[in-house]
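Everything numeric here is computed off the predicted structure, so don't read it as measured data.
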Amino acid sequence: MAVTSSAAAAMAMATTSSTAPVATAPFSSLPIRLRLRPKSIHASRLLLLLPVPRSSSSWDEPVSEGEGAEEDSEESGAAAEEDDDEDDEKPRPEPVASSGFEFAAPPDGYVEPAPFDELPPESPEDVAAAYESLYGPAFSGETVMGNNIFEVKVVDPVDMDRDQRPSDEFSERVVQVNRVTKVVKGGRQLSYRAIVVVGDMKGHVGVGVGKAKEVTEAITKAGMNGRRNLVTVPLTKYSTFPHRADADYGAARVMLRPACPGSGVIAGGAVRVVLEMAGVENALGKQLRSKNPLNNARATIKATQMMRQFEDVATERGIPMEELWK
């Protein structure tokens, strides 16, 4: 009987201990939010997202469960209202003051162009004419100028006979023809180099160089090269230079001086040829250093490009031409 009574007493104590509440005597002084209570996972996650309420009670006052919950809800609502009020009371940035810049007024008679979308559509002929004015004739079809490019045959002037070449106002004078040799692995290759001066006797002159296997082809190439390198020589009404000039090209040095009417061209070598083809009738020229005809011819061209007319000087100074001789 004693054994059964002790077993029954142990079972009763186990049942009563499982249902009895957890003792909270040591933590009665703490607020409810800090007491050890079983909480669900979802509730703890939600509480992490909410702001921590401010408790008006001291840490030493015991708070009941119902009162703590009510205070937490009230304080959270009050905190939310305070946050809204703070957001409304935040100072807003003022608009940046303008710099005071004002666009200039349009001139009198100015008509604002129509928008691009409102313009009348362009015809294919207008588009072709615009492209041809910018980039030249098209590569297919008939151009706006009426030239069929399929019928145009570009022929190298070197391949033409002298009678078939296009005649222009420029004339040619041969300064020098030399036979040059190029040494290669198989031996020597002989060719000819020609120096030709091209001019129209009206202030335009150019020096060209050409090489070919034949003399005639070399002269033709030199003439075409001279036409691609034309320059304008400044001349006065007496067909002379406006002032003196000296120029160097390589080892050659050329001196040019104006001369009075009736003097003629007093010069020699390549300098004389260049001056005569440019249309100079009264001038003095001198080769000071090298006798190389090509370097002297190009030095003469360089010296003429260093000269300026009286009109150019007056325009740069901003005075009339009469003031230059005062």
Side-chain angles (χ1 to χ4, degrees), residues 135-137 147 149 152-184 188-235 239 241 245-256 265 267-281 283 285-307:
Y135 306 108
N147 300 323
I149 64 164
V152 177
K153 184 179 180 181
V154 179
V155 181
D156 191 355
V158 177
D159 300 334
M160 298 181 181
D161 296 335
R162 189 170 294 273
D163 299 336
Q164 297 178 354
R165 294 173 189 169
S167 59
D168 51 14
E169 57 184 357
F170 293 96
S171 56
E172 302 176 0
R173 283 185 62 176
V174 180
V175 177
Q176 186 186 47
V177 177
N178 275 348
R179 189 180 69 175
V180 294
T181 304
K182 179 181 179 181
V183 180
V184 296
R188 296 181 178 180
Q189 294 181 356
L190 300 179
S191 59
Y192 296 90
R193 187 195 70 171
I195 303 173
V196 176
V197 178
V198 181
D200 59 351
M201 309 290 184
K202 299 178 183 178
H204 298 90
V205 66
V207 178
V209 180
K211 293 181 181 181
K213 300 293 184 181
E214 301 292 336
V215 176
T216 55
E217 293 183 4
I219 294 174
T220 303
K221 286 184 178 181
M224 296 302 298
N225 183 254
R227 286 176 171 82
R228 297 190 188 100
N229 301 309
L230 291 175
V231 297
T232 302
V233 178
L235 298 175
S239 298
F241 301 128
D246 299 339
D248 299 341
Y249 191 90
R253 183 178 180 85
V254 172
M255 176 187 67
L256 299 180
V265 178
V271 178
R272 184 184 185 90
V273 177
V274 173
L275 297 182
E276 289 180 351
M277 298 302 293
V280 180
E281 298 178 0
K286 180 66 176 176
Q287 300 177 7
L288 298 179
R289 294 179 184 171
S290 174
K291 303 301 181 182
N292 189 316
L294 179 59
N295 287 349
N296 281 296
R298 290 179 173 173
T300 306
I301 296 292
K302 184 178 179 180
T304 57
Q305 296 306 297
M306 297 169 59
M307 301 178 182

Subject >> Nearest heavy atoms of Pro234 and Thr304, plus distance in Å >> reply: CD-O, 3.5 Å
Original post:
For Ala222, which residues count as a side-chain contact (heavy atoms from CB on, under 4.5 Å) partner, sequence neighbours excluded?
Top reply: Ala194, Val196
Subject >> Contact summary for Ala218 and Ala212, nearest pair of heavy atoms >> reply: N-CB, 3.5 Å
Original post:
Do side-chain atoms of Asn178 reach the backbone of Val180 as a donor and acceptor pair under 3.5 angstrom?
Top reply: no
**OP:** Just jot down the salt bridge (charged side-chain N to carboxylate O under 4.0 Å, His left out) partners of Asp248, sequence neighbours excluded, or say none.
**Re:** Arg253
Original post:
Counting only heavy atoms not in Lys291, do more than 12 sit closer than 6.0 Å to its NZ atom?
Top reply: yes
**OP:** Scan for salt bridge (charged side-chain N to carboxylate O under 4.0 Å, His left out) pairs involving residues 206-215, sequence neighbours excluded, and state none if there are none.
**Re:** none
Original post:
Got a sec, which residues hit salt bridge (charged side-chain N to carboxylate O under 4.0 Å, His left out) with Glu276, two or more places apart in sequence or on another chain?
Top reply: Arg173, Arg272
Subject >> Distance, nearest 0.5 Å, that separates CE of Met255 from CD of Gln287 >> reply: 11.0 Å
Original post:
Considering only heavy atoms from C-beta outward, does the side chain of Met277 approach that of Met201 to under 4.5 Å?
Top reply: yes
Subject >> side-chain contact (heavy atoms from CB on, under 4.5 Å) partners for Ser239, two or more places apart >> reply: Glu281
Subject >> Considering all heavy atoms, the nearest Val209-Asn225 contact >> reply: N-OD1, 3.2 Å
Subject >> Separation between CD of Glu172 and CZ of Arg227, rounded to the nearest 0.5 Å >> reply: 4.5 Å
Original post:
If you take all heavy atoms of Ala252 and Arg289, which pair is closest and at what distance?
Top reply: CA-CB, 4.4 Å
**OP:** Taking all heavy atoms of Asn292 and all of Ser290, pick out the closest pair and write down the distance.
**Re:** N-OG, 3.1 Å
Original post:
How long is the gap from CZ on Arg193 to CG on Leu294, to the nearest 0.5 Å?
Top reply: 5.5 Å
Original post:
When rounded to the nearest 0.5 angstrom, what distance separates CG in Leu275 from CG in Leu256?
Top reply: 6.0 Å
Subject >> Contacts of type side-chain hydrogen bond (donor to acceptor under 3.5 Å, both in side chains), residue Tyr249, not counting sequence neighbours >> reply: Arg298
**OP:** Please report the closest heavy-atom contact between Leu235 and Gly279, naming both atoms and the distance.
**Re:** CD1-O, 4.1 Å
Subject >> Partner of Val205 by side-chain contact (heavy atoms from CB on, under 4.5 Å), out of Val198, Ile301, Leu230 >> reply: Ile301
Subject >> Steps toward side-chain contact (heavy atoms from CB on, under 4.5 Å) verdict (Lys202, Glu169) >> reply: CA-CA 10 Å; Lys202 299 178 183 178; Glu169 57 184 357; 4.1 Å; yes
**OP:** First locate atom CD of Glu217, then atom OH of Tyr192, and finally report the distance between them rounded to the nearest 0.5 Å.
**Re:** 12.0 Å
